[in-house]
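All remarks here apply to the structure that follows.
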Amino acid sequence: MTTLTRQDLNFGQVVADLLCEFLEVAVHLILFVREVYPSGIFTKRQKYNVPVQMSCHPELNQYIQDTLHCVKPLIEKNDAEKVAVVIMDKEQHPVERFVFEISQPPLLSVSSDTLLTHVEQLLRAFLLKISVCDAVLNSNPPGCSFTVLVHTREAATRNMEKVQVIKDFPWIVADEQEVHMPEPRLVPLKTMTSDIVKMQLYVEERAQKT
Amino acid sequence: MDELYLDNIDEYVNDHNKIVTYKWLSLTLGVHVNTAKQMLFHYLDHKRKESSAPLHATYLVTGKLVENGNTCHKVSVVREEQLEDFKSKMSLTVSVHVYSVQKAALKDSGPLYIVDYDAVKDNLNSCSRYSAIKCADAVPVSPADVRRASDAPDPHQNKATSVNGHGNLTSKPASKLPPKGIMGMFASKAAPKNQDPGKEIKVEQKEDTTGDVSKSKPAAKSNPLSNFFGSQATKRSEKTMKEEVTSSSSVEMKPATSPPEKKVKETQPKEAKVKETQPKEAKQEARRCPASDSEEEMVDKKKRRRIKKPQSDSSDNDDVIPDSPKQQEMRKLPPTPERLLKEKIVSQPNECKRRKRRRVMKSRTFMDEEGCMVTEKGYESESYSESEDHTQSSKPANVPAKAVMSKREDEKKAQKKMSATTNKGTKQASIMGFFQKK
């Protein structure tokens with residue numbers, strides 16, 4: 001097994017892997033906490049040394065994995081500005097949005113945190129904030145569904161359309177009605193700045209949900 | 001105590017929307033845990049009287065419970081709504097105190113653990129500074145003692161390290177045995193004397209003995225594992241919020257989480273994480289098997305040699321070694337080699353029906369460095385089923401290098417070169433004559 005030196009580390013890939021793993025856990029946790037799906041399908045799993053809720057439904061898991069698999073190359077090239085988990089009501093209007101704003105920190109460097117324990121701690125804090133977010137949010141109407149929207153910088157989506165990262169899993173430009181939320185109320189949840197990634201999580205929710 | 005703490009807790013709960021557990025509060029404010037519990041109680045009382053924003057609380061209930069005719073000592077974290085109900089079920093309630101206060105109605109107990117995890121991690125060296133659990137014998141070891149202990153390998157250290165990282169399922173129950181013994185010791189003592197400090201002692205003792213970051217909650221939760229070892233008066237700690245056994249589910253996750261951990265450390269960008277570990281494990285098994293010198297394996301090899309002896313004499317070693325890893329792969333066994341070997345011994349009689357790999361003389365034609373066409377005959381392994389084949393070619397002339405079997409090949413090359421000329425026992429025409437003419 002070759003040991004990678006610091007020069008070999010491909011930052012884009014490290015950050016993308018890290019973020020995609022985190023986003024998968026976060027999406028599952030959001031679905032659990034916001035009761036998008038019945039809590040019976042969720043089971044306790046472990047991530048970053050703490051218990052988290054993850055769904056057992058194979059199609060749901062596959063969908064989330066495929067989605068993040070397609071997002072990964074965008075994060076690698078630093079093209080993804082925001083990844084939003086949007087919860088929509090029965091009429092496909094967004095009710096609330098969990099927005100993860102991702103950016104490169106001003107001083108991108110390989111720090112002393114080569115084992116990424118500090119980053120892990122920050123991500124744990126994110127998970128904790130998601131778990132208690134229902135104290136600051138209104139409850140959602142029944143029968144909600146979710147989708148993942150990615151806001152990219154510039155014209156990165158042109159490349160995505162040309163190259164289908166996963167077969168039969170196309171990405172399309174979102175409709176205006178799926179994106180627009182009238183009078184959103186912004187609730188910031190958590191911010192983190194580390195040497196390799198900068199991320200912010202906030203929730204935009206519709207003033208009147210039902 | 002002064003009233004500032006009420007404002008502090010208010011700030012944490014309402015402004016920061018934090019979950020304030022008594023342990024976190026004691027470490028943050030630097031007070032004894034019992035003081036922290038009282039603070040939380042007063043705060044709750046105060047806020048309820050003011051009837052301001054809704055607050056939720058969880059309580060820790062300790063007491064005796066009669067279940068299925070067995071009396072057990074139960075420690076549970078319960079939601080406020082379930083508190084009275086739970087207390088009524090217990091035959092004797094030893095202690096009740098506030099566990100946490102938060103604004104959000106928690107859906108499961110996970111966040112409580114996360115809060116304490118980070119708090120303890122930050123104060124790792126002094127996490128029991130404010131605890132009520134004291135043991136006169138638990139004294140930090142002096143460096144001289146450490147050096148003495150390191151000469152004789154300490155089994156307890158091994159247990160601690162195996163619990164710390166991604167230890168095997170087999171080692172986990174073993175590592176929980178010492179705490180379970182201590183737990184038994186406490187459980188047998190008079191229960192009425194078991195006040196809060198008593199409970200704290202047990203919980204913190206576990207932390208001291210295992211000596212790692214793992215918290216009282218997972219340590220207590222793994223007691224269902226120690227139930228395998230059976231004991232009537234075992235303490236069972238349950239969370240009534242969720243009934244899962246975190247330890248078993250977390251152990252299941254270990255194969256899946258350990259590759260991501262490895263990835264972070266080694267930064268190998270791969271997508272099929274779980275699939276990666278399986279071929280790795282298979283390769284490790286394969287490498288381990290030729291290299292290991294356990295008795296069972298030798299017996300295995302001897303047995304196989306006996307079966308094959310009439311057919312071929314000295315190439316059986318090569319046949320035996322490639323067979324064993326392939327058999328393992330075909331059977332898709334769990335990773336430990338010992339278990340694999342035991343199963344092999346058990347299934348010896350069925351061997352004749354298995355598919356095996358054998359080394360077959362095959363010729364390869366290629367261009368060498370000088371640009372000349374070279375034809376080489378060499379042994380390559382190929383799968384066959386034993387019933388089909390009774391004739392086997394034996395001595396290889398050239399041995400193609402294979403990573404799995406490279407060790408054996410090195411040993412055998414010397415043998416083969418010596419006895420190459422004497423190989424006449426095959427049905428194929430020997431090619432050695434070709435080389436000897438040179």
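A, B, ... follow the sequence lines: proteins, then strands. Residue 1 opens every chain. Side chains included, hydrogens not; waters and symmetry mates left out as well; all remaining heavy atoms used.
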For this session: Check each atom of B:N14 against the heavy atoms of chain A and say whether the ones under 4.5 Å are side chain, backbone, both or neither.
Result: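 No part of B:N14 comes within 4.5 Å of chain A.
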
For this session: Report yes or no: does B:N17 contribute a side-chain atom to a donor-acceptor pair with the main-chain N or O of A:V132 at less than 3.5 Å?
Result: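 Yes, the answer is positive, given that a donor and an acceptor are paired below the 3.5 Å cut-off.
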
Problem set entry | Test item: B:D108 and A:F32 side chains (from C-beta on) under 4.5 Å apart, heavy atoms |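 Touching, per the 4.5 Å side-chain cut-off.
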
For this session: Compare all side-chain heavy atoms of A:L128 with those of B:I19 and state whether any distance is below 4.5 angstrom.
Result: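 Counting from C-beta outward, A:L128 and B:I19 do come under 4.5 Å.
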
Taking atom [atom1] of [X] and atom [atom2] of [Y], what is their separation to the nearest 0.5 Å?
| X | Y | atom1 | atom2 | value |
| --- | --- | --- | --- | --- |
| B:I114 | A:K129 | CD1 | NZ | 12.0 Å |
| B:L106 | A:D134 | CG | CG | 8.0 Å |
| A:Q121 | B:K121 | CD | NZ | 6.0 Å |

For this session: Return the set of residues passing ring pair (Phe, Tyr, Trp, His ring centres under 6.0 Å) with A:F146 (not counting sequence neighbours), or none when no residue passes.
Result: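 Checked A:F146 against ring pair (Phe, Tyr, Trp, His ring centres under 6.0 Å); matches are A:Y63.
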
Exercise. With sequence neighbours excluded, what pairs up with A:Y37 under the ring pair (Phe, Tyr, Trp, His ring centres under 6.0 Å) test?
Worked result: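 A:Y37 satisfies ring pair (Phe, Tyr, Trp, His ring centres under 6.0 Å) with no residue once adjacent residues are dropped.
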
Exercise. If you look at every heavy atom in B:G110 and A:K44, which pair is closest and at what distance?
Worked result: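 So the minimum-distance heavy-atom pair works out to N-NZ, 4.2 Å.
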
For this session: Work out which heavy atom in A:N49 is nearest to a heavy atom in B:Y113; give both atom names and the distance.
Result: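 Scanning both residues, the minimum pair turns out to be O-CE2, 3.5 Å.
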
Exercise. Counting only heavy atoms not in B:E50, do more than 12 fall under 6.0 Å of its CD?
Worked result: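 Enclosed: over 12 neighbouring heavy atoms sit under 6.0 Å from CD of B:E50.
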
